[in-house]
Every structure is written in structure tokens, then in C-alpha cells.
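The sequence lines fix the lettering, A, B, ..., with proteins before strands; numbering per chain opens at 1.
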Amino acid sequence: MCSAVAVKPTPGAPTRPQRRASWWESLRPRIGCGVYHSTYADDMALRTTTASRLRLVLVSVTAVMFPFVAGDYWVGEANRLYIAIIGALGLNILVGFTGQISIAQGAFMAVGGYTTAIMTVTLGLPFWLSLPCAGLTTAAIGAIFGVPSLRLKGLYLLIATLAAQVIVEWLILRMVWLTKGPNGIYGIKPPAFGPLEFSDRRAFYFLMLFFVVIAILFAANLFRTKIGRAFVAIRDQDIAASVAGVDVFKYKLLAFGVSSFYVGTAGALQAHDRLIVSPEYFNISVSIEYLGMIIIGGLGSISGAIYGAAFIRLLPTALSLMTGTLGLAGTNVGVLQQAVFGLAIVGFLIFEPHGIAKIWRDVKDYFKLWPFSY
Amino acid sequence: MGEHGEVQAVLQRANGQVGSIQLEAQDVHLRFGGVVALAGVSLGVHQGEIAAIIGPNGAGKTSLLNAFSGLYPITSGRLLYDGHDVTRLKPHQIARLGVARTFQNIELFKGMSVLDNLMLGRHIHLKSGLLSSGLYWGAARREEVANREIIEDVIDFLEIEAIRKRTVGTLAYGLQKRVELGRALAMQPRLLLLDEPMAGMNAEEKEDMARFVLDIHEERNVTIVLIEHDMGVVMDISDHVAVLNFGRRIGYGTPDEVRRDPDVIQAYLGEETEPRKATLEPSAVDHAADPRARARG
Ligand SMILES: Nc1ncnc2c1ncn2[C@@H]1O[C@H](COP(=O)(O)OP(=O)(O)OP(=O)(O)O)[C@@H](O)[C@H]1O
Ligand SMILES: [Mg+2]
């Protein structure tokens, strides 16, 4: 049939050598071909450079040693930070990675928190059962509130999730028989697996560290495999994703589900940290705070969720330390904190929309090329 | 339906060897409010051929591809694939039938690397679920690595080894077009729909792209439907050419037949009554048909 080549070669352009083997023949997976196998597998590992492995070791050692050297106050702060990281990871999966904006973070944390509170306090069930149930219940409810994402995008979806926030808050106040209304549920116990109790702050620390590591690893793996790629593809170009075979609606709901599982788990862990759930822990300012975390830390980045959570969680302490050393002890730290929070969000949106994670990457790149960095 | 029968007849006459019809539009109408994008188009694409769709701007070429892909639900008519009615299928279901495509205005995942864009093309071939993916354990891990090898072959074929880790948003236009073709190839399609794969390219890039299209077609017998304004390319590589104008098919046949068709000449040259055959030679029509090419050049 087509004997002639389409376009006449441009004079001067090098002619490409004729291909001999059919490229398509080679498309079959070469399983068992050792060299390629190990090369690509290595290339696809999460940590590829010595520097990053070294950093990982340093961070791990610090994290394990921390409660042995830090005081009670700081261990408590670290516990709250780890819980916030899990929540921020969850929100980033939905907003940063999948591009589905949500302001229902507080509501989803409430679902997790109240699920575990009701199960452990009212029903007397064990923590090891209530924790996964909290995650799964939130995942289911998150997926339900994700249904509007079929039709709505951006600001309109934001409003739909705002509805979720309002509805859940309203239900908590109204379903007094279940949630104890505005009083909240007291008497939640620290986590325990049978006789193994985590009532001590430091024991609790290691449990939180365990969950945070699992949460980070799971997310990191998710985004280097099929499902996570589909999430990001939906964010970047949903039409192209659908034409490439991604069932966009299904994966949006899945993103809502996975995200809400994280968020619900964070809400449940928070309940077992504070030992109480009540409506004000889950209002819309919580949603805004978490959105602030992922914007400041870096949208669509796992490390971004970590940096952002650290920034927001450590901000009050840092500010009161600063005002203390500057001799401004009388300053209202709460107001100052709000101002810094707002300024940081605006500043990052304008100057570094990819957040702290991007700044950190740039710094690393700078030193990789150092001293030839220009 | 008369027009449809005519298609069959033309196909048989032109081809001699009539393979089965892989893709078929039957009297397809598509309206957007008051705008009529397709006004009763019938078209058959044979297994293993390169079919071109040409026509002036706004003729409905892209709309027809979008209808095939399931992106635009058609107002009336039928779409068949391998003889099965696929009129109501969703885009992701069409993809599973082995249909891949590229877009007129590159639609890549801009924030993802070239590798990830291509790996997304493997989506329909990957099976691992949420848990095994999240743990990167066993089957999920093996599957990722095996499929990475498959896309590495696509990368070799398209000669984009050097940019495989780059974020596609940072790539030059010509390379993005190539990556988009790569993503479609990664799907290992049986039918490839290409919407102006050479638009906006320089001569050298066009030559590369034409060669890729021919290689894909010849070595794997992938059926190709191609929208292209460059008549030189169209006339050289296609087995059949369908001409659209104002949402209607005004011509169909082999490149030579279409080139001589007075209706087609009329559509391309507007008011000109004298069918100047010479102006339908590749280079001249190239400009007549694609004012954007002039604007760019
Ligand atoms: N999503 C849409 N909504 C409304 N009108 C549309 C839409 N898509 C296409 N159209 C209209 O349908 C008609 C055909 O458009 P189409 O994009 O199919 O033309 P085309 O042949 O691909 O043109 P071009 O050569 O410029 O790409 C045009 O009048 C266009 O404005
Ligand atoms: Mg078009």
C-alpha cells in the first residue's frame, strides 16, 4: 500500500537509519530478563540517591530518639503533629493530587472522631476495632459527599463540600442521643491493644509514629502506581484521562474515599489523644487550617503535607517563644498566630505556590550542583 | 442510509481486498444548541488502513473523533466498532476496546513526568488494587516493573530517552506531541485516532511524525484515523480520505479520487468555478486549507 514516505527529507537533515526489528514485537514484557528487571526496579525505588537514604536514616534516628530527650510538652506537641500529618496527607491526596477541592476536612475528622468515641465509650468496643471502623466509615461518607464532583469543579465543588461540613456539624448538634450534642463525648480512653496500653505520652508517641510512617509509605506507593497516577491524571487533564481508560467518576470517588480514610483516622487518633470529642474541635476553621497546611507545605506533594503540618502545628509555640525572647510577653499570641497564618498562605500562593516542599527541592538541587551552582 | 451503502461500494471498489469494517459511523448527527457540528455523517474505516479526515476549519472533524471516543454523546445516529454498537459507551469503555487517540491541542498531564504520562497509558492493562498498590507488594510491584519495560520500548521507538524523567509541561511543543503519541501507543491500541498530529510542526518534525505513524501502522497493523491539514502528508500516507464540510461528508475515496473530486475542489477553493487541478497539489492545498499554518509560518 503506502510505498512512499510521507514527507520529502529536508535537505541537510540527517536521515534516520531504517529500523530493522519490529519495535512492537519487543513490547511484550521481558520478565525474567535479569539486568533490565533490576535496573528498572532500582530506578523505580522511592529513594534512589545516597544522600536521600542518609537523610532518611537521620530522620528515623531523630524520630526514635526524640521522646527520650524531649520534655513532656514537646512529646505532646509531636503527637499532635503526627496526627496532623495524617490528616494533611489525606487532604492533599484529594486536593493536591486529585484536584478536587474540599473544605469538609473538619467534618470528615468529626466522622472519624465520633465513630471511635461512640464505639469505644458508648458501646464499649476495643480501639483496634474502632480505629479501622472510623477510617472506613469516613471513607464511605467521604465518597458519598464526593458524588457532586461528577458534575462540579473548582469553586462549585468547594461549595458542595461546604454543604458537607455544615450538614455534619448540624447533625452532631442535633443527634444528641448519639453524639451528646454540644456537650460532646467524654471519657475516651487512650489507645490499647488488649493489655498493651498507650496511656503514657511516650508510648502514645511511638504508636503515632508507627501510624504516620504507614500513612506516608502507603501514600508514596499509591502515587507511583496505577491508582495514584490516575488521581493525578484527573487533576491535570480529566478528558485525556478518560480517553486513556480511566473511569474518572469512579476514581474521583475513590480519591474521596482514600482521602477520607486518612482524615477519619486522624480524627479518631485525635479523639484518643484529647480523650474527648465535641463539635468545636471539628468546625470549619479546622478545614481552613488544614487547607493552609497543604498550601504552605506544597499541594500535590507528600513531603509538602508533612512540612505544612509542622509549620502550622509548631507555629503557636514558635510565636510564643519569639514574643517571649523579644520581651513582648503581653502580646496576644492567638491574634498574632492568625495574622501569620493568613500572611503565610497569601505569601505562598503568590511567591511559591508549590510550597515549602518546592523550596526544599530547590535548596537540594542547589547543593547537588554546588560549587558549580549558577 | 443510502450514503452508507455508497461508502461500502466505494471501499470495495478502491480496496479490492475488503477487510472487515472496524469503525463505522452511521448517519451521525451532533448539535451543540444551535450549532450543527455533524449533520448526518456516515463513514467506514477498514481494519488495518490509514484513513484521513480532511476539511476546512470548523468542518466537524474533531467533533467526529470526539464522538468516536465517547466524549460527545451524539444527537442521533449510530457508532459501531467491530460491528458492535458503541454509541452510548463512555470514553473509558471505548479505551478498553483498544481505541487510543491524541488531541488537536495537546492534552497531556502537565504536572507528571514523561514516564508517568506513558505509564498512565498502561492504565487499562494494570490490575493491581488499592491495597497491593499502597503496599507496593508482590503483584503490584512486578506489574509496575514489567509495564515500565513496555513503555521503555515505546520511549525507544519515539526516541525520547533523554527526556523520560522531565515534567511534560516543560517540554517543547514538538516533543509534547511526541509524548502524547507515546501515551496512546502505550495503550497498545488496535485503532489510533490522531487529531492533527503534525499541526504546528516544522518540516523535520513533520517528517519524523509521519514516519512514526507509518511505522506504527505497518509493523503492528494498527488502524489509523488521521485528521490532518497538510495535504502532502494526507495524500502520501492514507488509503482513503473522507472530506467533511459544514458537518457533512462531501467526498470520499482514495487520495487520487478525492483530489479530482469537483465537490471537494469547490469546498476548498470556495467560489472558484474553474476546478484548477494544479492547486490541489499538496503544497498549494496545504495553505488553502490551513490558514493557521500560514499564521504560524
Ligand atoms: N464543545 C463544543 N461546544 C459547542 N460547539 C462546538 C463544540 N465542539 C465543536 N463545536 C462546534 O462544532 C463545529 C465543528 O467543530 P470541530 O472542532 O469539529 O471542527 P474541526 O473540523 O475540527 O475544525 P479545525 O480544523 O479548526 O480543528 C464548530 O462550529 C465548532 O464551533
Ligand atoms: Mg479540529
Side-chain angles (χ1 to χ4, degrees), chain A residues 1-2 4-10 12-13 16 19 21-31 33 36-38 40-41 43-44 46 214 217-230 232-237 239-250 254 257-258 300, chain B residues 50 69 71 90-92 94-96 100-101 103 107-112 116 119-121 123-124 126 128 130 133-136 140-142 144-150 152-154 156-157 183 187-188 203-204 206-208 210-211 213-220 232-233 236-239:
Chain A
M1 36 146 300
C2 321
V5 173
V7 187
K8 287 174 213 81
T10 355
R16 212 133 44 80
R19 214 174 300 279
S22 160
W23 65 278
W24 205 288
E25 284 290 291
S26 56
L27 277 190
R28 266 177 277 110
R30 279 176 300 202
I31 298 173
C33 186
Y36 281 102
H37 214 100
S38 68
Y40 290 137
D43 192 43
M44 294 159 81
L46 282 178
I214 302 275
L217 283 180
F218 192 90
N221 286 332
L222 196 65
F223 288 104
R224 59 170 170 163
T225 47
K226 172 187 174 180
I227 295 172
R229 266 195 307 269
V232 179
I234 289 171
R235 175 195 72 190
D236 282 357
Q237 237 308 321
I239 289 177
S242 71
V243 167
V246 176
D247 184 344
V248 172
F249 185 46
K250 178 180 136 189
L254 194 59
V258 174
Chain B
I50 297 184
S69 309
L71 290 173
K90 300 258 158 50
H92 68 268
I94 299 281
R96 285 188 185 276
R101 72 170 284 181
F103 294 85
E107 308 284 9
L108 283 166
F109 310 118
K110 296 232 161 29
M112 290 162 62
D116 278 341
M119 276 301 257
L120 192 105
H123 183 85
I124 50 175
L126 298 176
S128 53
L130 185 60
S133 301
L135 303 176
Y136 202 60
R141 186 163 185 280
R142 279 197 301 277
E144 285 293 318
V145 176
N147 280 277
R148 168 72 187 271
E149 287 174 14
I150 292 175
E152 283 293 338
D153 286 312
V154 176
D156 282 352
F157 170 69
R183 184 180 63 196
M187 294 170 71
Q188 287 173 309
E204 199 180 326
K206 274 188 187 179
E207 184 194 341
D208 280 343
R211 169 149 287 292
V213 170
L214 282 175
D215 280 358
I216 294 162
H217 173 250
E218 282 168 19
E219 290 172 16
R220 176 57 177 169
V233 173
D236 268 349
I237 74 175
S238 28
D239 299 305

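To the nearest 0.5 Å, atoms CE (B:Met119) and CZ (A:Arg224) are separated by 11.0 Å. Taken to the nearest 0.5 Å, the CZ atom of A:Arg229 stands 7.0 Å off from the CE atom of B:Met112. Between B:Leu135 atom CG and A:Ile214 atom CD1 the span is 8.5 Å, to the nearest 0.5 Å. The distance from atom CG of B:Leu120 to atom CD of A:Gln237, rounded to the nearest 0.5 Å, is 11.5 Å. Within the model, atoms CD1 of B:Ile124 and NZ of A:Lys226 stand 10.0 Å from one another, a figure rounded to the nearest 0.5 Å.
Counting all heavy atoms, side chain and backbone alike, B:Arg96 lies closest to A:Gly245 at NH2-O, 4.1 Å. Heavy atoms only, all atoms of each residue included: A:Thr225 and B:Ser133 are closest at OG1-CB, 3.3 Å. B:Ala95 and A:Ser242 get closest at one heavy-atom pair: CB-O, 4.4 Å.
Proximity to chain A is limited to the backbone of B:Leu108, based on heavy atoms less than 4.5 angstrom apart. Looking at B:Leu126, both its backbone and its side chain come within 4.5 Å of chain A, counting heavy atoms on both sides.
Top candidate by heavy-atom pairs under 4.5 Å with chain A, chosen from B:Glu107, B:Lys110, B:Lys90, is B:Glu107. Put simply, of A:Ala241, A:Gly228, A:Gly300, A:Ala219, the one with the most heavy-atom pairs under 4.5 Å next to chain B is A:Ala241.
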Q: Go through the steps to decide whether A:Val232 and B:Asp116 satisfy the test side-chain contact (heavy atoms from CB on, under 4.5 Å), and finish with yes or no.
A: CA-CA 10 Å; A:Val232 179; B:Asp116 278 341; over 6 Å; no
**Q.** Check against side-chain contact (heavy atoms from CB on, under 4.5 Å), A:Leu222 and B:Leu130
**A.** CA-CA 8 Å; A:Leu222 196 65; B:Leu130 185 60; 3.7 Å; yes
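Each of A:Asp247, A:Val246, A:Ile227 was checked for a side chain to side chain contact (heavy atoms under 4.5 Å, CB included) with B:His123, and the lone residue meeting it is A:Val246.
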